[in-house]
K.L.:
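Let me begin by handing over the structure; questions about it come next.
Naming: A, B, ... by sequence-line order, numbering from 1 per chain. Note that these values count all heavy atoms, side chains included, but never hydrogens, waters or copies made by symmetry.
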2 protein chains.
Amino acid sequence: MKKEKIKRLKDAGWKTGTVQEFLELTDAENALIEVRVALFEAFQKIRKEQRLTQKQAAKLLKTSQSRISKMETGDPSVTLDLMIRSLVTLGANKKDFVRIFK
Amino acid sequence: MKKEKIKRLKDAGWKTGTVQEFLELTDAENALIEVRVALFEAFQKIRKEQRLTQKQAAKLLKTSQSRISKMETGDPSVTLDLMIRSLVTLGANKKDFVRIFK
DNA sequence: TTAGTATATGTCAGATCTGATATAGTGTCA
DNA sequence: TGACACTATATCAGATCTGACATATACTAA
């Protein structure tokens with residue numbers, strides 16, 4: 001119940017505190033969501049900067065268009081592992097993660 | 001063959017370029033390793049700052065001492081997911097990850 | 001309207017991860 | 001020396017993830 005709501009709310013511009021209180025998240029749960037959101041937003045940004053469709057990105061990353069879509073919509077079946085591996089494959093380095101989390 | 005070597009080499013103070021060339025890593029593989037190293041070093045640092053033994057940390061994180069050890073030694077069976085979830089459970093927030101990757 | 005392109009959603013078998021357990025190694029103290 | 005605390009390593013059943021596929025939805029152009 002929690003997870004599906006979160007992205008929509010964040011995207012709708014709700015303040016963190018408000019979302020956290022509304023969904024009764026612990027600090028750790030909230031931090032984890034912020035990290036996830038930062039990563040999937042970064043991924044979509046990079047893909048679009050490189051003018052790739054999800055299908056093209058899928059080929060590069062040796063996965064399927066559907067998983068790319070799930071990554072960008074914050075689907076709970078997508079792990080931080082997959083997002084980070086995808087980001088570095090598209091060219092992100094350690095330094096870029098500083099910006100991603102800033 | 002690659003993965004086991006990496007931590008030791010990095011810990012021994014080798015420069016990134018050198019390790020990367022020696023192990024014939026792609027940029028993406030190298031970036032991923034740098035991210036992993038940053039995370040498991042950060043985890044150990046936080047655990048020690050909080051004066052927790054691996055056993056105590058394991059209880060907090062609802063896992064086992066052996067997995068904590070694997071996390072800190074960069075065992076390949078440990079995912080970025082687990083490391084990031086553990087870090088936020090010990091109190092790290094998005095902002096802390098800026099420092100971790102800097 | 002239809003066709004074409006891009007993205008989103010549902011499902012699942014096979015791959016990978018994880019907590020748990022056992023055990024080994026290391027350091028310290030008496 | 002032995003006992004104890006801490007950490008490292010090996011193994012594996014059950015849990016979770018992932019690529020692939022099917023299908024749906026959204027948008028554009030003719």
K.L.:
Once side-chain hydrogen bond (donor to acceptor under 3.5 Å, both in side chains) is applied, do any residues pair with Lys48(B), and if so which ones, sequence neighbours excluded?
P.N.:
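Per chain and number, Lys48(B) pairs via side-chain hydrogen bond (donor to acceptor under 3.5 Å, both in side chains) with no residue.
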K.L.:
Give a yes/no answer on whether the side chain of Arg67(A) brings an N or O atom under 4.0 Å of OP1 or OP2 in dC17(D).
P.N.:
no
K.L.:
Starting at the 5' end of nucleotides 3-8 of chain C, put B wherever the base has a protein heavy atom under 4.0 Å, S where only the sugar-phosphate does, and a dash everywhere else.
P.N.:
---SBB
K.L.:
With sequence neighbours excluded, tell me which residues meet side-chain contact (heavy atoms from CB on, under 4.5 Å) with Gln54(A).
P.N.:
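Arg47(A), Gln65(A), Ile68(A), Ser69(A), Glu72(A).
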K.L.:
So what is the end-to-end bend of the helix from dT1(C)-dA30(D) to dA30(C)-dT1(D), with 5 pairs used at each end and the value given to 10 degrees?
P.N.:
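The end axes of the helix from dT1(C)-dA30(D) to dA30(C)-dT1(D) are about 30° apart, to the nearest 10°.
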K.L.:
Between Phe43(B) (CZ) and dT7(D) (C1'), how many Å, whole number?
P.N.:
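After rounding, the gap between these two atoms is 13 Å.
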K.L.:
Between atom CZ in Arg85(A) and atom C1' in dC17(C), what is the gap in whole Å?
P.N.:
12 Å
K.L.:
Given the rule in the salt bridge (charged side-chain N to carboxylate O under 4.0 Å, His left out) test, do Lys45(A) and Glu41(A) qualify, once you have shown the distances and angles that lead to the verdict?
P.N.:
CA-CA 6 Å; Lys45(A) 185 164 172 288; Glu41(A) 286 181 352; over 6 Å; no
K.L.:
May I have the distance from Lys62(A) (atom NZ) to dA15(C) (atom P), rounded to whole angstrom?
P.N.:
18 Å
K.L.:
What residues, two or more places apart in sequence or in another chain, satisfy side-chain hydrogen bond (donor to acceptor under 3.5 Å, both in side chains) together with Arg67(B)?
P.N.:
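Ser77(B).
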K.L.:
Asp81(A) CG to dT18(D) P: how many Å, rounded?
P.N.:
7 Å
K.L.:
Does a side-chain N or O of Thr63(B) approach OP1 or OP2 of dG19(C) to a distance below 4.0 Å, or not?
P.N.:
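Yes, within the criterion.
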K.L.:
Please tabulate, for the side chains in residues 95-102 of chain B, all donor-acceptor contacts under 3.5 angstrom to protein atoms that are two or more places apart in sequence or on a different chain.
P.N.:
from     : atom 1 : to       : atom 2 : distance (Å)
Asp96(B) : OD1    : Arg99(B) : NH2    : 2.5
Asp96(B) : OD2    : Asn93(B) : N      : 2.8

K.L.:
I need the CE-C1' distance between Met71(B) and dC17(C), as an integer number of Å.
P.N.:
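Distance, rounded to whole Å: 13 Å.
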K.L.:
Pick base, sugar-phosphate or nothing for Thr79(A), based on heavy-atom distances below 4.0 Å to the nucleic acid.
P.N.:
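Sugar-phosphate: the residue Thr79(A), judged by heavy atoms under 4.0 Å, touches backbone atoms but no base.
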K.L.:
May I have the distance from Leu82(B) (atom CG) to dC17(D) (atom P), rounded to whole angstrom?
P.N.:
12 Å
K.L.:
Check for a donor-acceptor pair, side chain of Gln56(A) on one end and backbone N or O of Thr53(A) on the other, with a separation under 3.5 Å.
P.N.:
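Indeed, once roles are kept as given, a pair shorter than 3.5 Å links the two residues.
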K.L.:
Using side-chain contact (heavy atoms from CB on, under 4.5 Å) as the criterion, list what pairs up with Arg36(B), not counting sequence neighbours.
P.N.:
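Scan of Arg36(B) (side-chain contact (heavy atoms from CB on, under 4.5 Å), adjacent residues dropped) gives Val78(B), Leu80(B), Met83(B).
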K.L.:
Can you list every pair that meets ring-ring contact (aromatic ring centres under 6.0 Å, His included) and has a residue in residues 49-73 of chain A, with sequence neighbours left out?
P.N.:
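Matches after skipping sequence neighbours: none remain.
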K.L.:
Take the protein atom CG of Asp75(B) and the nucleotide atom C1' of dA10(D), then report the distance between them rounded to whole Å.
P.N.:
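In whole Å, dA10(D) C1' lies 10 Å from Asp75(B) CG.
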K.L.:
Once salt bridge (Lys or Arg N to Asp or Glu O under 4.0 Å) is applied, what residue pairs with a partner in residues 50-63 of chain A remain, sequence neighbours excluded?
P.N.:
none
